[in-house]
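Encoded as structure tokens, the structure appears first; notes follow it.
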Amino acid sequence: MTPIVLVTGAAGRLGTYLHDRPPPGWTPRWTDLAAAEGIAAADVTDLEAMTGACRGATAVVHLAGIPTDADWPDLLHVNVTGTRTVLEAAHRQGVRRVVLAGSNHAVGFSPRGSGDLVEDPAPRPDSAYGFTKAAVEALGRWYADRGLEVVTLRIGSCRDRPNSTRMLGTWLSPADFSRLIGAALDGPVDGAALVWGVSANTRRWWSPDAGARLGYRPRDDAESHAASVDPGTAGPGDDRVGGRLPPAQASQPGRTRPVS
Ligand SMILES: NC(=O)c1ccc[n+]([C@@H]2O[C@H](COP(=O)([O-])OP(=O)(O)OC[C@H]3O[C@@H](n4cnc5c(N)ncnc54)[C@H](O)[C@@H]3O)[C@@H](O)[C@H]2O)c1
């Protein structure tokens, strides 16, 4: 019998990518806020629900979250409390490993220097959303020190194809996302690991080292889509990890804007 991996956020973009290419050697248990075909309902902010969902699982891939800059209380509730709840449930159920969907926006204000950006620049969020993802990294470290193996992925721009010049460096293809999850589930981890989630892009500038240690071997390159990317999308923010700054009002109540 193959080991069980609980997947949260299964109905979302990344959950759907993973569903299309599930990790070999694992039996996924798909969950999201609402039930759908093949997906069970489990709110990641509900400790009882998550403890039940983790029963018998060997690993968790935690993808559920708000992937945009949004209202502060909502971001804290879903991204921070939700991640803490998932980790606590996994810890209580003796789950061995948890993979967390972090984001480049946790260090979004880090500037581009010469050569690759180091593996683990200190938290430097560029938005309320980025702050919650820095908190996700810290939560992962905390629970790793309590005995879990935790892999946090600083995901770049995961979508079908890159659609801006920035994404020619930050793109993570759906197939490489699946490879990354496979490595995060099976690769060697001593406590906590922090890994950039990016494809083998010619214009990549984030360190591949932690991913390589985990056994992540990306195969796709955004350059193959470069001809279809509008050069007008280039901007000064491309020299920061998180790209262009969000508008000042983005984190005010009632406002959202997509980030990736
Ligand atoms: N897509 C990217 O390029 C990208 C980049 C960096 C980080 N991430 C992170 O990856 C994760 C997944 O991103 P995505 O693009 O698939 O987002 P998405 O919005 O498409 O999917 C998120 C899923 O989480 C579910 N969800 C929300 N609140 C929940 C709750 N309380 N309980 C259970 N499920 C809940 C939603 O129903 C949704 O299906 C997010 O944490 C996001 O921050 C994504």
Side-chain angles (χ1 to χ4, degrees), residues 6-20 29-54 60-71 73-87 89 98-108 125-137 139-140 151-164 166-167 169-174 176-178 180-181 184 194-199 201 206 222 241-243 256-260:
L6 170 71
V7 180
T8 71
R13 182 202 297 258
L14 298 195
T16 304
Y17 286 155
L18 193 60
H19 191 268
D20 291 346
R29 181 183 287 166
W30 308 101
T31 64
D32 205 293
L33 196 50
E37 201 186 332
I39 298 177
D43 184 336
V44 295
T45 66
D46 178 339
L47 183 58
E48 204 180 318
M50 289 319 297
T51 304
C54 282
V60 176
V61 173
H62 175 45
L63 304 175
I66 298 176
T68 61
D69 215 7
D71 292 1
D74 294 345
L75 281 168
L76 288 184
H77 182 61
V78 178
N79 290 4
V80 181
T81 302
T83 300
R84 198 266 162 122
T85 304
V86 168
L87 287 163
V98 178
V99 180
L100 298 174
S103 168
N104 67 89
H105 293 280
V107 293
D126 59 5
S127 52
Y129 167 72
F131 167 81
T132 65
K133 292 299 181 176
V136 162
E137 293 180 7
L139 283 166
V151 181
T152 304
L153 308 173
R154 274 183 181 161
I155 300 169
S157 311
C158 190
R159 54 198 63 237
D160 292 344
R161 58 191 60 81
N163 59 26
S164 68
R166 170 177 173 264
M167 286 191 200
T170 64
W171 186 53
L172 175 64
S173 74
D176 281 339
F177 170 66
S178 264
L180 180 61
I181 294 292
L194 189 54
V195 179
W196 288 106
V198 70
S199 278
N201 304 322
W206 303 338
V241 168
T256 61
R257 79 175 267 281
V259 289
S260 55

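Both ligands and their constituent atoms are indexed starting at 1 by order of listing. Positions are given from 1 along the sequence.
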Where ligand 1 meets [X] - atom numbers and elements under 4.0 angstrom, heavy-atom basis:
X	result
G156	3 (O), 5 (C), 6 (C)
D43	30 (C), 31 (N), 32 (N)
G102	6 (C), 7 (C)

Can you find an N/O atom of [X] closer than 3.5 Å to an N/O atom of ligand 1?
X	value
I155	no
R159	no
N104	no
S157	no
Y129	yes
V78	no
V44	yes
S103	no
G9	no

Structural part of A34 in contact with ligand 1, heavy atom criterion under 4.0 angstrom: neither
Ligand 1-proximal atoms of K133, by part, heavy-atom distance under 4.0 Å: side chain
Identity of the nearest option to atom 26 (N) of ligand 1, non-hydrogen atoms only, from A36, A64, G197: A64
Please check this pair: side chain of [X] against backbone of [Y], looking for a donor-acceptor N/O pair closer than 3.5 Å.
X	Y	value
T8	L63	yes
D176	S199	no
D69	S127	no
T68	A70	no
K133	A128	no
N79	T132	no

Name every donor-acceptor pair, under 3.5 Å, that has one atom in a side chain of residues 13-20 and the other anywhere in the protein, sequence neighbours excluded.
unit_1, atom_1, unit_2, atom_2, d
T16, OG1, G12, O, 2.6
Y17, OH, D160, N, 3.0
Y17, OH, D160, OD1, 2.7

H105/R154 under side chain to side chain contact (heavy atoms under 4.5 Å, CB included): CA gap, chis, key distance, verdict: CA-CA 8 Å; H105 293 280; R154 274 183 181 161; over 6 Å; no
CA sep, side-chain torsions, deciding dist, call: T45, D43, side-chain hydrogen bond (donor to acceptor under 3.5 Å, both in side chains): CA-CA 5 Å; T45 66; D43 184 336; 2.8 Å; yes
Member of V195, V198, N201 meeting the side chain to side chain contact (heavy atoms under 4.5 Å, CB included) criterion with W206: V198
A10 touching ligand 1 at heavy-atom level, < 4.0 angstrom: no
